[in-house]
There are 2 protein chains.
Amino acid sequence: MNDDLPLALPPGRDRRLARGEALFRAGDPALGLVLVREGALELVRLSSEGRRLILHRAKAGDTFAEASLFESHHHCDAICAAPGFVTIYGVADLRRAAMADLDLAWRVAAHLAARLVAERARAERLALPHAADRLLDMLHALPPEPDGTRRIGCSWKSLAAELGLSHEATYRALARLERAGLLRREGRDRVRLPVVPPS
Amino acid sequence: MNDDLPLALPPGRDRRLARGEALFRAGDPALGLVLVREGALELVRLSSEGRRLILHRAKAGDTFAEASLFESHHHCDAICAAPGFVTIYGVADLRRAAMADLDLAWRVAAHLAARLVAERARAERLALPHAADRLLDMLHALPPEPDGTRRIGCSWKSLAAELGLSHEATYRALARLERAGLLRREGRDRVRLPVVPPS
DNA sequence: GGGCAGCTATGACCGGGATCATATGAATGA
DNA sequence: TCATTCATATGATCCCGGTCATAGCTGCCC
């Protein structure tokens with residue numbers, strides 16, 4: 001998702017995170033740009049009725065909370081989904097660095113644009129009326145590994161929350177798709193999708 | 001949405017648009033940053049089954065297709081929803097200007113961050129399971145006018161497409177909400193929402 | 001003016017997603 | 001090790017959103 005961006009950043013603060021620990025909560029003053037070095041983070045919003053929606057998931061190598069660079073406060077919770085550590089780049093530091101490095105701000109912008117495109121794809125997916133469609137769309141978007149399988153990288157329950165579905169609907173859709181031969185689960189968090197003939 | 005951004009931009013190309021005309025189509029080479037000067041534009045994606053999802057709507061004063069600054073091709077259609085004209089700032093021009101103006105790239109990034117936040121709010125809305133909830137959430141997000149009403153600025157049918165709902169479900173939700181006293185329509189595209197006591 | 005397209009609106013029907021309940025297996029921590 | 005929590009899984013039921021049909025209305029263009 002971001003290859004060159006972190007390389008040119010000024011030194012940041014490291015912070016270790018345990019599973020379930022919050023890096024920040026809604027209402028906290030904005031941290032700045034967060035780079036996940038190890039483990040995984042989830043950006044979570046809890047609705048008033050207790051529904052849990054996952055707005056973004058970042059694994060090692062991804063940046064996180066990019067938009068908070070330009071906000072005074074966070075408006076979501078950041079929860080550690082897999083233990084690891086992150087590096088935090090404060091706003092002021094980054095701003096200063098951007099003034100020295102003509103290209104840095106442009107790369108930050110490019111990075112935000114990529115996130116925006118991803119978010120639009122997500123919105124498009126959430127507008128699909130059927131659980132199976134949302135699921136397949138999301139799975140097809142995952143990068144296939146050399147052996148042809150795709151790793152979801154989290155529990156199916158979390159994936160359900162990311163798709164705006166109840167986990168029951170997700171398991172049912174999985175079972176139906178598997179019966180229909182449109183999907184095969186291999187191990188805990190891997191799926192194989194049939195090769196579609198190029199249109 | 002963007003106050004200072006256009007002011008510091010280099011001169012761009014103007015283009016007039018008629019209702020229904022496409023500024024660009026999916027697959028076209030990226031135009032660059034588009035500023036809507038008059039009228040309204042919609043970023044539309046047509047699904048394979050013919051469903052029409054509105055990904056973004058921009059009215060006079062808003063920017064449009066910001067992410068295309070960093071993409072080689074468009075992947076949505078841009079359709080004129082209300083006749084008017086736009087100014088187009090090419091990528092190369094903007095990039096050059098960013099090299100001269102240390103702050104411009106940073107402002108572009110800030111702008112993209114704001115769009116990202118808005119898009120996340122949209123995704124959150126699309127994850128709401130009930131039509132009435134999505135509708136109310138969207139309407140509450142509209143800025144109220146001095147008289148307390150809110151202008152939706154488009155047809156209810158378009159709003160339905162933006163909410164990922166069929167227009168029938170939208171009309172039904174509207175009627176139900178109106179019966180329940182949670183909403184009152186005033187004229188063609190205005191609603192009044194009851195004042196909620198601060199929690 | 002007349003005709004046509006598109007928006008607004010509502011009814012009937014069906015399928016599927018939310019919810020609640022329950023059960024088993026897996027993982028995690030004391 | 002054992003217990004507790006959590007993920008996985010499936011069944012029953014209800015509700016509601018999608019779809020199709022129909023109709024009045026608005027606005028627009030010739």
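Chain identifiers are assigned alphabetically (A, B, ...) following the order of the sequence lines, protein sequences preceding nucleic acid strands; residue numbering begins at 1 within each chain.
- With a 6.0 Å radius and a threshold of 12 heavy atoms from other residues, nucleotides or ligands, Arg95(B) has its CZ atom above the threshold.
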Checklist outcome for this item: In B/S/- notation (B base, S sugar-phosphate only, - none; protein heavy atoms under 4.0 Å), nucleotides 19-30 of chain D written 5' to 3' is BB----------
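- Met138(B) and Leu177(B) fall within the same hydrophobic cluster, defined by Ile, Leu, Val, Met, Phe, Trp and Tyr side-chain heavy atoms under 4.5 Å apart, directly or through other members.
- Counting to the nearest Å, the P atom of dG15(C) and the CG atom of Asp133(A) are 17 Å from each other.
- The environment of CZ in Arg184(B) is sparse: at most 12 heavy-atom neighbours from other residues, nucleotides or ligands sit within 6.0 Å.
- Taking side-chain N and O atoms only, Arg185(B) has a distance below 4.0 Å to OP1 or OP2 of dA9(C).
- One interatomic measurement links the two molecules: OH of Tyr171(A) to P of dA26(C), which rounds to 13 Å at whole-angstrom precision.
- Nearest heavy-atom pair, Val36(B) versus Val86(B), reported as atom, atom and distance to 0.1 Å: CA-CG1, 4.1 Å.
- Atom-to-atom distance recorded for Glu66(A):CD and Leu33(A):CG is 6.5 Å, nearest 0.5 angstrom.
- The nucleotide whose nearest atom lies closest to any side-chain atom of Ser155(A) is, among dG17(D), dA18(C), dA7(D), dA7(D).
- Nearest approach of Ser68(B) to His74(B), heavy atoms of both residues: CB-CE1, 3.4 Å.
- Minimum atom distance to the side chain of Arg176(A) is reached by dG17(C), of the listed dG18(D), dT10(C), dG17(C).
- Backbone-only engagement by Ala175(B) is indicated by non-hydrogen atom pairs under 4.0 Å involving sugar-phosphate atoms exclusively.
- Atoms CG (Asp189(A)) and C1' (dG25(C)) sit 17 Å apart, rounded to a whole Å.
- Within 4.0 Å (heavy atoms only), Gly20(A) reaches no atom of the nucleic acid at all.
- Of all heavy-atom pairs between Pro194(B) and Gly181(B), the closest is CG-O, 3.9 Å.
- In this entry the distance linking CG of Leu135(A) with C1' of dA9(D) reads 15 Å, nearest Å.
- Atom CG in Leu174(B) sits about 7 Å away from atom P in dA9(C), given to the nearest Å.
- Rounded to whole angstrom, the span from the CG atom of Leu177(A) across to the P atom of dA9(D) amounts to 13 Å.
- Atom pair Arg19(A):CZ and dA7(D):C1' shows a separation of 11 Å (rounding to whole Å applied).
- Between Ile54(A) atom CD1 and dA7(D) atom C1' there is a gap of 13 Å when expressed in whole angstrom units.
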